[in-house]
Amino acid sequence: MIDAQPAETDPPEKATLICRDCSHESDVDGDWIVHTEHERQMYDCPICGTTITARYERGQPLTI
Ligand SMILES: [Zn+2]
């Protein structure tokens with residue numbers, strides 16, 4: 001028996017970051033250069049080097 005998997009009804013939990021400078025787009029665990037400063041996650045864009053400070057909650061859209 002093969003279980004009928006429901007279609008993708010839930011949005012993925014992964015949040016997506018978008019660079020405000022070059023519009024590079026990737027998951028938070030994508031190709032961003034992540035470092036921590038003052039207990040906050042900082043994401044450096046791998047394309048243009050812009051630092052993005054992302055604050056997000058699990059499953060919530062990012063606010064940059
Ligand atoms: Zn960028």
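Residues take their numbers from the sequence shown, with the count starting at 1. Just the heavy atoms: all of them, side chains too, but no hydrogens, waters or symmetry mates, feed the values below. For ligands, and for the atoms within them, numbers begin at 1 and follow the listed sequence. As the structure is a computational prediction, the values presented were derived from the model and not from experiment.
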Any donor-acceptor N/O pair, Trp32 side chain to Asp27 backbone, under 3.5 Å: yes
d(Tyr43 OH, Ile18 CD1) to nearest 0.5 Å is 14.0 Å
Here the pair of heavy atoms bringing Pro46 nearest to Ile33 is CA-CD1, 4.2 Å
Under 2.8 Å from the Zn ion (ligand 1), protein N/O/S atoms total 4
Here the gap from His24 atom NE2 to Leu17 atom CG, rounded to the nearest 0.5 Å, amounts to 9.0 Å
Correct closest heavy-atom pair for Cys19 and Ile52 would be CA-CD1, 3.5 Å
_Residue pair Glu37, Thr53: steps toward the side chain to side chain contact (heavy atoms under 4.5 Å, CB included) verdict_ = CA-CA 10 Å; Glu37 253 177 54; Thr53 308; over 6 Å; no
